[in-house]
Engineer: 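Have a look at the structure that comes next, please.
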Protein chains: 2
Amino acid sequence: MDRRQQKTRAAIFQAFSALVSEKNYSRITVQEIIDRANVGRTTFYAHFETKEDLLKALCGELFGHILASAQDITHTHGLYSDGSAPESIFCHLLQHLQENDGNILGLLSGESSELFLRHFKDSLRELIRTQFIAQSRKANLNLPRDFLVNHICGNFVEMVLWWIRGGRTQTPAELDRYFRAVIEPVV
Amino acid sequence: MDRRQQKTRAAIFQAFSALVSEKNYSRITVQEIIDRANVGRTTFYAHFETKEDLLKALCGELFGHILASAQDITHTHGLYSDGSAPESIFCHLLQHLQENDGNILGLLSGESSELFLRHFKDSLRELIRTQFIAQSRKANLNLPRDFLVNHICGNFVEMVLWWIRGGRTQTPAELDRYFRAVIEPVV
DNA sequence: TGCAATAGCGTACACTCTGTTCGTTTTTAT
DNA sequence: ATAAAAACGAACAGAGTGTACGCTATTGCA
């Protein structure tokens, strides 16, 4: 990919990302984005069809990274090669979030967090479906499998949102404990 | 309130509600709303400042009803006057939803369900905070109270969404069982 | 019933935002 | 060095927003 394209794309992503953490998505105009990104109008539309297209592309980029790294974790550590328990997927995700790559925390604390959450949930659901559900103790409660997947996914995302909105006063490890407490109560 | 105002308000609500179940909120124009509601442009703006204001008003109306009726339930049946367990708040809410007053199901199955869910959650959180949490078995797991409130609220809303998106093939009683299974596992 | 108050109507308008066109300049890869 | 590709900026049509204004129809009340 042409170096100019990379720069332009990155500049637009960054400008858009900053704007979304500042004000509601619906009130952000293309004009504001290109002003802040310092690119021409024509250039913007050469990269993205609409503002919504930009949103989608940004989500793909952000959540693609995070989820891919979570996939890696399960593949790398899933075999208990050293005898210890593998790091929880969720703990890993939380730590990744805390690093705030690409201003994810900003996006999720802004007014338009729902827009990002939808994408986040969709990606996460897929991960849980394939990687996690087999381990869950609730799998034997005679509940539909897709209900459980949705339940766990929803719980995680709600927790993350609660965490961010509360100023992130808990460590990922603490949060992971909360999460396990509600998801996997010891029977 | 003037009879004309009532009719206008109702017509706008109905038109808007129908549109939201058909297409994305962001792509609905005031023009479409007033065409379908068959009212003049000026009239619309005499009732609502913006489209967003309309959304807010509609949410207030819808969730106000549902939540108020849930409050009643807890006050009426909360005392175990006949010795039997009171009807679950959640079961009651589910039944109420199933009646589809004001096309709530349409709104929650449309593309813009997130917008309504935000309001729904906010109202529900308040209800749970005051009415339900004391009964929860998880209250003694050493978790922050507001975390638990958020958790229960989020679970319920996610379940409702899952239910609607799956074509509502479960009865409220079944759903209530699912919900209790994940929220209140017998220890 | 009659009447003042009020709600609604329709047209028109200024304004903002969108998405595209086109000719020109700059940067890139080779 | 050069041809291809990308970015630029100005300008534009089209759509949507929110307001103003003069007129008509309905309502609540005396």
Engineer: Calculate the interatomic distance between A/Ile12 atom CD1 and D/dA6 atom P; express it in whole Å.
Structural biologist: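 For the pair A/Ile12 CD1 and D/dA6 P, the rounded distance is 14 Å.
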Engineer: Is the closest basic N to carboxylate O distance between B/Lys121 and B/Glu114 below 4.0 Å?
Structural biologist: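 Looking at B/Lys121 and B/Glu114, the cut-off is not met.
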Engineer: With axes from five pairs an end, tell me the bend angle of the helix from C/dT1-D/dA30 to C/dT30-D/dA1, nearest 10°.
Structural biologist: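 Both end axes considered, the difference amounts to 40°.
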Engineer: Minimum heavy-atom separation for A/Asp176 and A/Cys91, please, with both atom names.
Structural biologist: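 Residues A/Asp176 and A/Cys91, closest heavy atoms: OD1-N, 3.6 Å.
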Engineer: Which is it for B/Gln6 and B/Asp2 under the side-chain hydrogen bond (donor to acceptor under 3.5 Å, both in side chains) test, yes or no, and what are the steps along the way?
Structural biologist: CA-CA 6 Å; B/Gln6 292 176 36; B/Asp2 194 309; over 6 Å; no
Engineer: Is the phosphate of C/dA7, meaning OP1 or OP2, less than 4.0 Å from a side-chain N or O of B/Thr43?
Structural biologist: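 No.
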Engineer: If you compare all heavy atoms of B/Ala70 against all heavy atoms of B/Leu127, which two are closest, and at what distance to 0.1 Å?
Structural biologist: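 Here B/Ala70 and B/Leu127 meet closest at CB-CD2, 3.8 Å.
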Engineer: I need the minimum non-hydrogen distance between A/Arg41 and A/Val30, along with the two atoms involved.
Structural biologist: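 It is NH1-CG1, 4.0 Å.
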Engineer: Over how many whole Å does the gap from B/Gln5 atom CD to C/dT6 atom P extend?
Structural biologist: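 These atoms are roughly 11 Å apart.
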Engineer: Return the minimal non-hydrogen interatomic distance between B/Gln170 and B/Trp163, and the atom names on each side.
Structural biologist: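 Heavy atoms of B/Gln170 and B/Trp163 come nearest at O-NE1, 2.9 Å.
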Engineer: Ignoring hydrogens and angles, tell me if any N or O in the side chain of A/Lys51 forms a donor-acceptor pair with the backbone of A/Ile28 under 3.5 Å.
Structural biologist: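 Flag set: sc A/Lys51 to bb A/Ile28 pair under 3.5 Å.
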Engineer: Could you state the atom-to-atom distance from CZ of A/Phe44 to P of D/dA6 in whole Å?
Structural biologist: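 Distance check: A/Phe44 CZ to D/dA6 P gives 17 Å.
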Engineer: Specify the separation, in whole Å, of atom CD of B/Glu52 and atom C1' of D/dG18.
Structural biologist: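 About 15 Å, once rounded to whole Å.
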Engineer: Quick one: do A/Arg27 and B/Glu52 make a salt bridge, cutoff under 4.0 Å?
Structural biologist: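 B/Glu52 and A/Arg27: salt-bridged.
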Engineer: C/dA7, OP1 or OP2 - any side-chain N/O from B/His47 closer than 4.0 Å?
Structural biologist: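 For B/His47, the contact criterion (side-chain N or O under 4.0 Å from OP1 or OP2 of C/dA7) is not met.
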Engineer: Identify the pairs formed between an N or O of the protein and an N or O of nucleotides 28-30 of chain C at a distance under 3.5 Å, and give each distance.
Structural biologist:
from	atom 1	to	atom 2	distance (Å)
C/dA29	OP2	A/Arg3	NH2	3.2

Engineer: Looking at B/Thr8, I'd like to know whether one of its side-chain N or O atoms comes within less than 4.0 Å of OP1 or OP2 on C/dG8.
Structural biologist: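 Looking at the OP1 and OP2 atoms of C/dG8, one of them is under 4.0 Å from a side-chain N or O of B/Thr8.
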Engineer: Could you check whether B/Asp53 pairs with B/Lys56 (Lys NZ or Arg NE/NH1/NH2 to Asp/Glu carboxylate O, under 4.0 Å)?
Structural biologist: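 So B/Asp53 does not pair with B/Lys56 through a salt bridge.
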Engineer: Reading nucleotides 11-21 of chain C 5' to 3', which nucleotides get B (base under 4.0 Å from a protein heavy atom), which S (sugar-phosphate only), which -?
Structural biologist: B-----SBBBB
Engineer: Do you know which two heavy atoms are closest between A/Thr169 and A/Glu174, and how far apart they sit?
Structural biologist: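 So the two residues come closest at O-OE1, 4.4 Å.
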Engineer: Minimum heavy-atom separation for B/Ala37 to B/Ala11, with atom names?
Structural biologist: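 Heavy atoms only, the tightest pair is CB-O, 3.5 Å.
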